[in-house]
Each structure stands twice: as C-alpha cells, then as structure tokens.
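Heads up: the structure comes next, in structure tokens.
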Amino acid sequence: NTKHHRRRRRLTDCRPNTMVHRFRSSRKRGICNAIYAAATMFAILSQSNILRRLPSSSFVSSFSIGTTHDVKMNWHRGPFDAKRSAHPSSFARSTSTELPATATSLSFDSSTDIRVKATSTIMIGRHSTLKAIIDKTDAYVSLFGFRPHPEILSSMHQSLHGNAASTSHVLVPTVGPAEPRPPHRMSLISLKDKVTRNNHPLSLHAMTDMVRSSCQSKGTIHLMVCVEDDFPAAPVAAALARAFPLFTKKTSMREKKQSKEDDEDGEGDEEDTKRLVHVTFLDNEGRVVKNDLELKAANAAAEGVRLACRLVDTHPEELTTTAYAQECRALFENDDTVTIEEIVGEELKEKGYGGIYNVGKGETEPPRLIILTYEPPSEVMTDDNEDASSITLVGKGIVYDTGGLAIKSRIGMCGMKHDMGGSAGVLGGFMAAVQLRTPRKIRLLLCLAENAIGPKSVRNDDIITQYSGKTVEINNSDAEGRIVLSDAVAHATKHYDDCDLVVDMATLTGAQLISTGKLHAGILANTEELEQRAVKAGLASGDLCYPLLYAPELLKKEFNSKVADMKNSVKDRSNAQCSCAGHFIENHIDSSYAGGWLHVDMAGPGSKAERGTGYGVGLVLSLVGAPGFDERS
C-alpha cells in the first residue's frame, strides 16, 4: 500500500466489503492490522460451514465487536481501555452517523415468525431488565429462533453499564433447531436503570438515537423491546418510529444502476433496497406482549409519527398550502367519521380571519383554515364516556417562513420548512386518535400559510383586525405564528360550546429552547390543574414538556400600542418572551369561553439534526385519552 492508502485503512465490521472507521493515528496502526486480519478471517469463516461444525461458539464469544457507551457517541480508545469497557474483547466504535435512507417497513405485532427471516436482532431494555431476560437461557430459541451461546450475550451485557445508554454488537452463528442460516448480527441496547423526574423512565430519546445508529441499512431486522410490566407499548412505538423517517430525495449510484437494470429486464431485487423492521414487545419475564389493543395503539402512534416526520421533512416546493390540504383530504377520504371544511384565500378576509389572511396573502398559493371534525361512532360510546366533552386541537402550519418583509438572515432562514411542525404533530395525533376510535369528539384546526415576500406582503406598521375583533399593529412580520393561531383559537372558543379544552401547538419562538431546552416543549396553561395534566401526559407519551411562566397581568405591557389594541411582538425580548408569545394568543380567546387552554411551544423538540421528530403525536394521544395508548390493558 502507498502512504495514502495506509492512512485511510479501515476496520471491517465482520462483513466483507463493509467499512466502519478509518484510522489515521500511526500508534494505532499495529493494533488495527491485527484486528483487520482477525476480522477478515472471521468473515471468511462465517461464509463457510467451518463455524457450524465447531462444538461450541467459544470462538465467536471471544470476538465481540462494536460496543458503544453513552449517548454522546464519543470515540473510545479501543479494546485496551479497561475504564471504558468491562469486556476486554470488545472494540468501541462510534455509531453517530445516520445510516443511508432506504425504504423502511415498520410493523408491531406479537408474531414470532420474523425470527426465521431476520438477518439481525436487537434487544432493547433497561440494564437490569436485560440481565434478567438474558439469564433465562432456556428461552433463547423462542426469542431468537436459534440458540446463541449464553456466554456471548452475557459478555455483551457485561460490556455495558446501567448508568448510561450504550450498545454492543456481535456476529454469531445460528446454532439451534432452526434451518442453517448465515451468521446473525446480535445487538444489545442498554438503557439507564434510573432517570430523573423530567424524563420518560425508558429514556425514549436515547432509545431513538441508539436504534437509529444500530440498525443496518437493509435486510430484515427484529427489534425486541422490554417494556416490562409497567409501561405501555405505544409511546415506545412512537419513539422507534422516529428512527425510520420516510421522506428522502437522496440518490446513489447503486440506485441508478438498479433503476437501469429494472428498465432492461422489468424487475429488480427489492430486498437490496428495502429494510423490514419488525418490533416485538416483551414483559419483565421476557414473554411477548400479545394484547391487541396495545399493539393497535402502537401501530397507530407509529404511523402518526412517521406522517408528521414526513410532512416536516418535505420541502416547501412540494408541500404548499394547497398540497397540504390535499394530504388532509387523502388521509380521511374513506373515513365516514371525519368531515372536512376549508376557508380559503379571499374568503378568509371576507369572514374576518384577518390574521391568517394577512400572513399568507403575499404567497402564490392561498392561505387557508382547514377544519376537521371527528365524530366517534356510536358503538364506541358507553355510559362512562357518552358525556365526554370535546377537545379542539389547533396547529400552526406555516409551510415556509422567510420572515416576511422583516426578512430572516441567510443562515436563519434555512430549516424554516419545519415551521409547520406544530400542525404536523396535531394532524398525526388526530389521525391516530381517529384510527383508534377514541370515544370523544375531536376537532382539528390547521392554520396554513406561507410567510412569503411579495407585493402583497403584510408590512411592519400595518394594522390588521383578527377574528376576535381585536386590532393588532404589526411591528415584526417574522412573529407571524401567534397571529394565525389567534384566529383559530378565537374561532374555537367562540363557536364550539361543547368544547372544554383547546390545545394549540406551534414552533413559535426560539426563546423556547432557552426556556425549556431542545427536548422539552414549553407549555402555558390557564389553570394549574391543566398544567399538571399536560406535564403528566408528556412524561407518559415521551413528548416531554415543562411549564413556562404564567403571568399575563405582568407581561401584557410588552404588547402596548399607541394606535391599536396591541402589537404582535414584545418590546423587551429579555422579559419572558416565550410566555409573552403564548399570552398574545390567549388574549384572543372569546370572553364567553370558560374551558381550558393549553399552549405548546415545541420549537426545540420539533426537529433534530435537520429532521422532523413527530413531536406532538404522542402528547395529543395522551391528552385525548386514545384507547390503549398510555396505559396497560
């Protein structure tokens, strides 16, 4: 090899032609050469029958590859760093790079037929729970479809620890009653045994990250998640769904070559590009969870999250306000329990929705207010729930936010396709609640507009009249989200007498990240009871949230205007501006409304690493009491 090639030498992951890391440090080169040779020999043996003829799997158990500790995915020094790894034969590597996007099919059920087809198996759970299941060696065949040597799983588990999320991978022969198959990739993902009070007990955010980095980019993957006896499966399903986004516009030479071959012979190898992920839930004893209601809720929640992620990831050239409306109609065109109404363009102005109209009037596609109403079928209504009051969901759907004439910077504008994340979250939650036939009337109001620059764009200093009848002086056209939400909240509180809770959700302020961070939404509630209910729903669903300061009488002065009822942006940005934005919306609640109002600012948790997270789906399902979602049956 040339000096250049030596510098770029890589280590195989027990699979021919697969590279995971390049080593540039000369002091590690000798170790790398030895491991490279051993890994190559192991890969060759794996492709032959030699390994299956061995009386035991001791050779495999002494060659455990790929242990990663803590969520930060830091580089470790390798097999001789005893402080990092309790298992001396494990080699630490980073798994922070997201795998290439492929078509991924995701399913949740209790069937174990997937064991025979799976090319890799991943077991996920809290550290102590994993140990209890691994110790039940007589259950290996029923879990995995073959019998890995107990020392393999024991060594993998020992290399992990219970005070941080970590993962270990190894390639094992498929010894057991099953038909002979190629070597199988086994992974253990260990989650923290104990978390603080503002986190989900199963560390769902860490679970998403670890699954995303541990799953191979193609093949059939069997995920086994230990939800124990206390935690419902659906929130876990929602967390797993985030690891498998649907939207991509990526191309590759492989795909181009495949497309060419398809054109020539009319068929292609679908398995080369498709990834099948089958999820099985386990209880404390390692038994498969078979409750139909829980599994139905898991599938619905996952579908809702993947829908929300796809919408948030779609670029604004495709996801216009018109295309968004078509998406909504397509989702429920065959569902008689859902009706759809639209108020579009100039009709908004005529009917008094001055907020939505003025924000979106500068764009070529008209702004619109979409109203979806779910009426539960009579068969799901019982004496216990027939008097349940309705809930109204409101979502901010700014399909792109340039800032308007108060234009954003070049850097600040990138990623503003995510500004409709609130609408995507409530739409995904609404869809899942409808699929689960929630025994409660639910309405969904989507405020769709593009905050664009054009000759008709609203100007700073303009005064608009909102649906509440109040006048607003525009002093920042880039604070448009609160304006469109105010129209919808005013509509809901004025016209829906049977509604006792209005929930608005939006990527509203950058200040939310400062107030409650990147993983917890900031919430504003008009009662302490509702505030506690929302926090509890966040912890149960994994869509974490935390209260903001609620003090409208102290913050109202920030919107004082000399010529209108209020301005749309604060005077002092250092005075609880995240709370102020919520109070602006609250100011437009109809005076006759006596129910609850919950504002959810999810600017931080709505996206991660330039991808939508589907935040809001789980929170909505928990708040509306969707069957099977947040409690064990």
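Worth knowing before you read on, the calculation uses all heavy atoms, side chains too, and leaves out hydrogens, waters and symmetry mates.
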Side chains of [X] and [Y]: does their closest heavy-atom pair fall under 4.5 Å?
X: Val620; Y: Leu623; value: no
X: Met602; Y: Met505; value: yes
X: His520; Y: Pro605; value: no
X: Glu228; Y: Arg126; value: yes
X: Asp504; Y: Val600; value: no
X: Met210; Y: Ile189; value: yes
X: Asp419; Y: Tyr400; value: no
X: Asn451; Y: Glu363; value: no

Taking the cut-offs as 6.0 angstrom to the six-membered ring centre and 45 degrees off its axis, would you call Lys494 and Tyr593 a cation-pi pair?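 Output no; distance or angle outside limits.
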Kindly confirm or rule out a cation-pi arrangement of Arg275 over Phe244, judged by NZ or CZ under 6.0 Å from the six-membered ring centre and within 45° of its axis?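 No.
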Between [X] and [Y] (side chain of the first, backbone of the second, donor and acceptor by atom type, cut-off under 3.5 Å), is there such a pair?
X: Ser607; Y: Glu610; value: no
X: Ser389; Y: Cys499; value: no
X: Thr129; Y: Gly125; value: no
X: Ser622; Y: Gly618; value: no
X: Asn199; Y: Ser203; value: no
X: Thr438; Y: Val434; value: no
X: Asp601; Y: Thr509; value: yes
X: Asp565; Y: Thr471; value: yes
X: Asn526; Y: Gly596; value: no
X: Gln466; Y: Ile483; value: yes

Taking every non-hydrogen atom, the tightest pair across [X] and [Y]:
X: Val426; Y: Val394; answer: CG1-O, 4.2 Å
X: Ala424; Y: Leu311; answer: CB-CB, 4.2 Å
X: Ala540; Y: Asp630; answer: CB-CB, 4.2 Å
X: Gly354; Y: Ile464; answer: O-CD1, 4.1 Å
X: Pro235; Y: Ser541; answer: CB-O, 3.5 Å
X: Phe247; Y: His315; answer: CZ-ND1, 3.6 Å

Between the side chains of [Y] and [X], is the shortest nitrogen-to-carboxylate-oxygen separation below 4.0 Å, so that they form an ion pair?
X: Arg437; Y: Asp335; answer: yes
X: Arg368; Y: Glu347; answer: no
X: Glu342; Y: Arg329; answer: yes
X: Lys249; Y: Glu318; answer: yes

One pair to check against salt bridge (charged side-chain N to carboxylate O under 4.0 Å, His left out): Arg533 and Glu528. What are the steps and the verdict? CA-CA 9 Å; Arg533 175 184 169 189; Glu528 186 176 3; over 6 Å; no
Could you walk me through whether Tyr324 and Ser423 pass the side chain to side chain donor-acceptor pair (under 3.5 Å) check? CA-CA 10 Å; Tyr324 204 154; Ser423 65; 2.8 Å; yes
Counting only heavy atoms not in [X], do more than 12 sit closer than 6.0 Å to its [atom1] atom?
X: Glu317; atom1: CD; result: no
X: Asp336; atom1: CG; result: no
X: Tyr546; atom1: OH; result: no
X: Glu379; atom1: CD; result: yes
X: Lys470; atom1: NZ; result: yes

Establish, yes or no, whether a centroid distance under 6.0 Å links the rings of [X] and [Y].
X: Phe281; Y: Phe231; value: no
X: Tyr550; Y: His583; value: yes
X: His491; Y: Tyr496; value: yes

Any chance you could measure [X], atom [atom1], to [Y], atom [atom2], to the nearest 0.5 Å?
X: Gln512; Y: Ser579; atom1: CD; atom2: OG; value: 11.0 Å
X: Met566; Y: Asn568; atom1: CE; atom2: CG; value: 10.0 Å
X: Leu369; Y: Leu445; atom1: CG; atom2: CG; value: 5.0 Å
X: Lys351; Y: Ile356; atom1: NZ; atom2: CD1; value: 12.0 Å
X: Leu548; Y: Glu531; atom1: CG; atom2: CD; value: 9.0 Å
X: Arg440; Y: Asn385; atom1: CZ; atom2: CG; value: 9.0 Å

[X] and [Y]: side-chain donor and acceptor closer than 3.5 Å?
X: Glu365; Y: Thr321; answer: no
X: Thr507; Y: His418; answer: no
X: Lys296; Y: Asn299; answer: no

Using 30° and 60° as the class limits, which term best fits the ring planes of His599 and Trp597: parallel, tilted or perpendicular?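 Plane angle under 30°, so parallel.
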Take Glu346 and Tyr357, measure what side chain to side chain donor-acceptor pair (under 3.5 Å) needs, and give me the verdict at the end. CA-CA 8 Å; Glu346 292 298 321; Tyr357 173 77; 3.1 Å; yes
Given Ile124, Leu202, Thr208, the one that forms side chain to side chain contact (heavy atoms under 4.5 Å, CB included) with Val236: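 Running side chain to side chain contact (heavy atoms under 4.5 Å, CB included) over Ile124, Leu202, Thr208 with Val236 returns exactly one hit, Leu202.
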Qualifying residue, where the test is side chain to side chain contact (heavy atoms under 4.5 Å, CB included) with His278 and the options are Thr220, Ile221, Asp109, Leu223: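 By the side chain to side chain contact (heavy atoms under 4.5 Å, CB included) criterion, His278 pairs with just one of Thr220, Ile221, Asp109, Leu223: Asp109.
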Checking salt bridge (Lys or Arg N to Asp or Glu O under 4.0 Å) between Arg242 and each of Asp543, Asp313, Asp209, which is the one that passes?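 Among Asp543, Asp313, Asp209, the one meeting salt bridge (Lys or Arg N to Asp or Glu O under 4.0 Å) with Arg242 is Asp543.
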What verdict does the side chain to side chain donor-acceptor pair (under 3.5 Å) test give for Ser390 and Arg443, after you've listed the backbone C-alpha separation in whole Å, the side-chain angles of each residue and the deciding distance to 0.1 Å? CA-CA 8 Å; Ser390 69; Arg443 297 182 181 89; 3.2 Å; yes
Pair Asp590, Thr493 - check side chain to side chain donor-acceptor pair (under 3.5 Å), show working. CA-CA 5 Å; Asp590 192 81; Thr493 55; 5.5 Å; no
